[in-house]
Amino acid sequence: MPPYWNPCSYLPRRLQIVASLTTFILLCFLFLGSTSREDTDPYLDKVPFGSQIQQGAHQVVDNLPKLPNVNTPQWLNPFRAPAHTPPPEQANSSSGEARWYTDFKWRNPFSSSVTLDEQRAVLPPLPDRPPVYTYYDPGAGRKDEHMKQTEQDLLQIWRRAWWAQGFKPVVLGRPEAMNNPLFRQVQGLQLEPELDLEMMRWLAWGNMGSGILSNWLAVPMAPFDDPLLTFLRRGEYPELTRYEGLENGIFIGSRDAIDSAIKAAIAEPTIKTKKSVVEALPGKAFRIDSNNGGIAFYSTGTIKEKYSAISAKLSNPSLIGEGLAMLTELINSHLHTIWQNTFSSGIAVLKPLPEHSTAMIEPALDLARNLTQCAASPIPASCPPNRPRCKPCVSDRMQIHTPPVFRNTSTLFTIATVPHPYTMTSLLHERDDLSVRFVRRETARDQWITAATKELLGTGLSSFSRLVSVKDAVASDYGAAHSLWLTAERPPDKTSEKDLEELDFIFGFTLPRTPTEDGKSEDPVPRPNREKPPSLPPTDFGEGMVLSGPQLEKERSLLERAKMLLRRAGSTRQIVGKQSSNPAARMRGVVEAWNLADTEAWKFVRAFNARRRLERRKWEEDEDDFLGKGTWDRWVDKII
Ligand SMILES: *[C@@H]1O[C@H](CO)[C@@H](O)[C@H](O)[C@H]1NC(C)=O
Ligand SMILES: *[C@@H]1O[C@H](CO)[C@@H](O)[C@H](O)[C@H]1NC(C)=O
Ligand SMILES: CC(=O)N[C@H]1CO[C@H](CO)[C@@H](O)[C@@H]1O
């Protein structure tokens, strides 16, 4: 939906308001006059929030000047549901205070125009994650515990990397292979151990049906929009395909194609002398694709050729565990490097209203610092097998910017912190005792969203139409791959394993978390002659602004108190009962009603993040079924 444009914006402010209001009321009569209901006041009927809060908010803000609402897009909204019944609750659509409703109409500026419920944000449908399977047999070969632990770490890297790229990784084991009706026939063949393992992979894969079969040393290592990854995400694999140069790292195919390939291999008279399925099948059994740039496969051959320090360890039976541990670190550092190379302009830690948001963006800045660090690596200057010309972190350090405005640059990763309007108002006016009167008389509406999108959308638009762009930046495929949106009140908790793991699964690698010797996350290697990365156009204000100690302390404590008040207020649903006895809830309701667009943005981000956490938790629960049936459990039994 294109942003709307206020045709009156060239008029002086007062005239503008009068003209817009007149237009609005006329339009209301035009479009809605004939369907007039009991409500005699056409304006009240149209305020853009759900019916419940509408009453509550009117109690609280009954004599607010209502003018700034004239741009409410309700009457422009072609999707507006004619019925006045809220859509049904969907399964798993809440987490804590956050509630959401998944619908294609998510780009509507106001969720409540779809959900008729102030608390439910409308999110885009979750993209389908095509499954990618790997086969892991902990029993294969004789291994010590340390080695198994390292293999588990490698599997974890594999799972994280595929998850972050929009897939659903599934680790299969021997039980899945045994479940395949062709298992007995394969067993009867007495194959070479190498081919036997390979056949088990195929049997397990065939048992699951169409999909991707990946070696657990084959990980996606490319920008989100890489052509191979984009193709794989589509989830359609009509032909049995392998990839040039990736050996048995990755195959795709439909269930029928997999089955007939296994049958053909079994029927092959010379199969006992073969070492792999590819070798056992005639050449034309596979389509061979050369579009292979998105995946890095750390095969034995590749390790020998490119990472000799590791291959030296792996070829000595008593040092294999150590070699695998090095490989774990190497692959993680390569994933991090490729991520850094993708965002060559650096990281933008969004800082609108910079005079008052230093404390607010501290968690985002901490995250950005860790992301720009160089990951520990046994071979620091190395590149992944699929990107021999990468720029290793040690020679090309990523930059951090703190622009006051959101920029949509494809080579810039944005970390944004969206405050609740109560928090923002409290910080802007440096007071924590906001009153209804003060909010109405002294504060401007929707300051955060207006400031953040000033460059992207100019100054002439209403805050409501800005929501469309912000929602796009948060939740579209493109937006989600180029930015991370946090809420100021619940940033990732540095002391919580869960939150840190969540970040790892968003980025697809483990972030560096060990401070450097001086306690700061600074550049470990001095590099006098490095090239400067492409710099962004300078901003005329805010960037690099630093607060002095006491000021910063004051801001931090205001922020803490705002968080506390919001927690006390709980959900604004409490104020619907008109005379809310909870003054915090009442105050929160007033501020939310005054800053509709900022509130909507905040709720949207909160719901988006909550749903993302829930999606992953659900996958891990589902995966337990496989791991429980298969490898993980038996293997954990052995370790304990
Ligand atoms: C940012 O740019 C991309 C590609 O140029 C575009 O698809 C997207 O809609 C833009 N996002 C916003 C918020 O303007
Ligand atoms: C960033 O690194 C520091 C140590 O330098 C660590 O304490 C902190 O938890 C890390 N934060 C995140 C979000 O990874
Ligand atoms: C993670 C989670 O809450 N999962 C639930 C989703 O909804 C189904 C049925 O509605 C439940 O069975 C799950 O437990």
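Numbers for residues simply follow the sequence, beginning at 1. Ligands are counted one by one from 1 in listed order, and the atoms in each one are counted from 1 as well.
Of all protein heavy atoms, the one lying nearest to atom 9 (O) of ligand 1 is Asp472 OD2, 3.3 Å. The protein heavy atom nearest to atom 6 (C) of ligand 1 is Asn408 ND2, 4.1 Å.
In terms of N/O distances under 3.5 Å, ligand 2 is approached by Arg513.
Within the 4.0 Å cut-off (strictly below), a protein heavy atom is located near atom 11 (N) of ligand 1.
Listed by chain and residue number, Tyr298, Tyr307 satisfy the ring pair (Phe, Tyr, Trp, His ring centres under 6.0 Å) test with His334 (two or more places apart in sequence, or in another chain). With sequence neighbours left out, Arg120 forms a side chain to side chain donor-acceptor pair (under 3.5 Å) with no residue at all.
Figure legend: Arg612 and Phe505 shown without cation-pi pairing, the cationic atom not lying both under 6.0 angstrom from the six-membered ring centre and within 45 degrees of its axis.
Per-residue contacts place Ser469 under 4.0 angstrom from the following atoms of ligand 1 (heavy atoms of the residue considered): 13 (C). Proximity to Lys494 (heavy-atom distance under 4.0 Å) selects the following atoms of ligand 2: 8 (C), 9 (O), 11 (N).
Remark: side-chain polar atoms of Trp619 are paired, donor with acceptor, to backbone N or O of Pro169 under 3.5 angstrom.
The six-membered or imidazole ring of Phe608 lies away from that of Trp485, with a centre-to-centre distance of 6.0 Å or more.
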